[in-house]
Amino acid sequence: MGSEQDPILQAGRGLFLTFEGPDGSGKTTQVRLLAKWLRTRDLEPVLLRQPGSTALGERIRGILVDSRGEAAVGAIAPLAELALMFADRAQQIAEIIRPALAEGRVVVCDRYTDSSEAYQGAGRGLGSDRTLAVHRAICDDFQPDLTVLLLPDADLALERARKRNEQFQREHGGANENRFEAEGEAFFRRVHAAYAAIAEREPERVLRLGDGSVEEIAAAIQKSVEAKLRISSGS
Ligand code: TYD
């Protein structure tokens, strides 16, 4: 936690930030850089990933993300996949996110409901309406203060994802074990298009970035987070 002079803590209200993007979009690097920057401001962030981060969530992750998990349970029906993503999310909101925000913490979550809309809604074809209806029912429509969407042009993103898979094969001598990264190009393009549509629909919440160097993207993220911190602290 930050010092006593910390304006966010004084205001007693935290900040909820999420990171989104297709696999290989550079989220992990940017989450790390933002966390480092927040620490220089005396704000120790609560870092989370979805699915995961709670005991229940990590078990759900083992089933949903790791294809070896699927081998243990058999083929996962798309609606079961959607329900499990939201079971993970509900647990994380109750166990970590809400309590941390009530303490005035900055919560940074690697993926949230936009991922379900993109991957299950568009990728698996379940639809945005259904996904958002589940979000309302299970998460009380609880949305982040800011979502950083790392979405380069579709062809560039696809190229990066391909390279990532090749590197994985070279290093691990086998296909990627992430069930989603093993999906084909058509799936990837549906995910990409859904993310672009979300950014257009909710420009206030979603900051779409993607073209530019790692440093340029990091600077743009810091600028937006800085503005949200000011709003959150009321200064
Ligand atoms: P992960 O290894 O964390 O991927 P990345 O590093 O790209 O974030 O795996 C998480 C996978 O889960 C990712 O491929 C997207 C998928 N996912 C969904 O399909 N729906 C969801 O609601 C969430 C949170 C993740």
Side-chain angles (χ1 to χ4, degrees), residues 16-35 47-54 56-70 75-93 96-97 107-128 130-139 142-144 147-152 157-158 160-165 167-168 171-172 175-195 198 210:
F16 181 28
L17 310 173
T18 61
F19 276 74
E20 293 284 353
D23 304 273
S25 57
K27 271 186 301 100
T28 312
T29 304
Q30 292 298 340
V31 167
R32 195 169 40 77
L33 291 173
L34 178 65
L47 297 177
L48 303 171
R49 66 174 179 178
Q50 289 190 4
S53 298
T54 63
L56 176 66
E58 289 298 329
R59 290 184 73 169
I60 291 174
R61 184 184 181 87
I63 295 168
L64 286 181
V65 179
D66 189 342
S67 57
R68 290 165 302 183
E70 187 177 39
I76 300 170
L79 280 171
E81 185 176 276
L82 180 74
L84 284 169
M85 290 294 182
F86 275 99
D88 162 75
R89 193 161 293 132
Q91 184 68 25
Q92 205 182 87
I93 290 171
I96 307 178
I97 299 176
V107 175
V108 181
C109 195
D110 187 340
R111 299 192 178 282
Y112 190 68
T113 293
D114 297 327
S115 282
S116 297
E117 191 178 344
Y119 284 77
Q120 282 67 51
R124 301 281 190 230
L126 296 176
S128 282
R130 195 199 300 247
T131 307
L132 296 178
V134 179
H135 180 69
R136 281 192 292 277
I138 300 289
C139 305
F142 185 54
Q143 285 289 30
T147 295
V148 176
L149 170 61
L150 298 179
L151 194 69
L158 199 60
R160 279 199 202 154
R162 242 186 235 127
K163 284 209 182 107
R164 208 162 100 121
N165 270 333
Q167 189 184 355
F168 188 94
E171 285 170 9
H172 297 86
N176 198 319
E177 278 145 7
N178 179 320
R179 286 175 58 242
F180 299 96
E181 292 192 39
E183 288 288 342
E185 182 174 333
F187 182 91
F188 188 92
R189 288 195 184 274
R190 286 198 296 278
V191 167
H192 191 284
Y195 270 136
I198 292 169

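Whatever order the structure lists ligands and atoms in, that order sets their numbers, starting from 1.
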- prompt: Out of Ser115, Gly121, Ala118, whose heavy atom is nearest to atom 23 (C) of ligand 1?
  reply: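 The option holding the nearest heavy atom is Ser115.
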- line: Closest to atom 13 (C) of ligand 1 by heavy-atom distance, out of Asp114, Asp23, Thr18, is Asp23
query: Looking at ligand 1, does Arg49 have a heavy atom less than 4.0 Å from it?
result: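 Checking ligand 1 against Arg49, which is what was asked, there is no heavy-atom contact under 4.0 Å.
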Ligand 1 contact by Arg89, heavy-atom criterion under 4.0 angstrom: yes
Part of Asn178 with heavy atoms under 4.0 Å of ligand 1, whether side chain, backbone, both or neither: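 The answer is the side chain of Asn178.
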- prompt: What's the verdict on side chain to side chain contact (heavy atoms under 4.5 Å, CB included) for Phe180 and Val191, showing C-alpha distance, side-chain angles and the deciding distance?
  reply: CA-CA 11 Å; Phe180 299 96; Val191 167; over 6 Å; no
Flag [X] as yes when one of its N or O atoms lies below 3.5 Å from any N or O atom of ligand 1, and as no otherwise.
X	value
Gln120	yes
Ser116	yes
Gln50	no

- prompt: Would Glu117 and Thr131 count as having a side-chain donor-acceptor pair, cut-off 3.5 Å?
  reply: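 Looking only at side-chain atoms, Thr131 and Glu117 do not form any donor-acceptor pair under 3.5 Å.
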- prompt: Any chance the side chains of Tyr195 and Arg190 put a donor and an acceptor closer than 3.5 Å?
  reply: no
query: Between Leu79 and Leu126, is any pair of side-chain heavy atoms under 4.5 Å apart?
result: yes
Beyond-backbone contact of Val148 with Glu20, side-chain heavy atoms, under 4.5 angstrom: no
- request: Identify, by atom number and element, the atoms of ligand 1 in contact range of Phe180, meaning under 4.0 Å from any of its heavy atoms.
  value: 11 (C), 12 (O), 14 (O), 16 (C), 19 (O)
field: Per-atom contacts, ligand 1 versus Lys27 - under 4.0 Å to a heavy atom
entry: 5 (P), 7 (O), 8 (O)
statement: Residue set satisfying side-chain contact (heavy atoms from CB on, under 4.5 Å) with Ile93, at least two apart, ordered chain then number -> Arg89, Ile97, Arg98, Tyr112, Cys139, Phe142
message: List the residues meeting side-chain contact (heavy atoms from CB on, under 4.5 Å) with Arg162, not counting sequence neighbours, and say none if there are none.
response: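 Scan of Arg162 (side-chain contact (heavy atoms from CB on, under 4.5 Å), adjacent residues dropped) gives Leu158, Glu159, Glu185.
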Heavy-atom nearest neighbour in the protein, as seen from atom 1 (P) of ligand 1, with distance rounded to 0.1 Å: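 Nearest neighbour among protein heavy atoms for atom 1 (P) of ligand 1, to 0.1 Å: Arg61 NH2, 3.3 Å.
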message: Quick test: of every protein heavy atom, which one is nearest to atom 17 (N) of ligand 1, and how far off is it to 0.1 Å?
response: Met85 CE, 3.5 Å
Nearest heavy-atom neighbours spanning Pro51 and Arg61: O-NH1, 2.8 Å
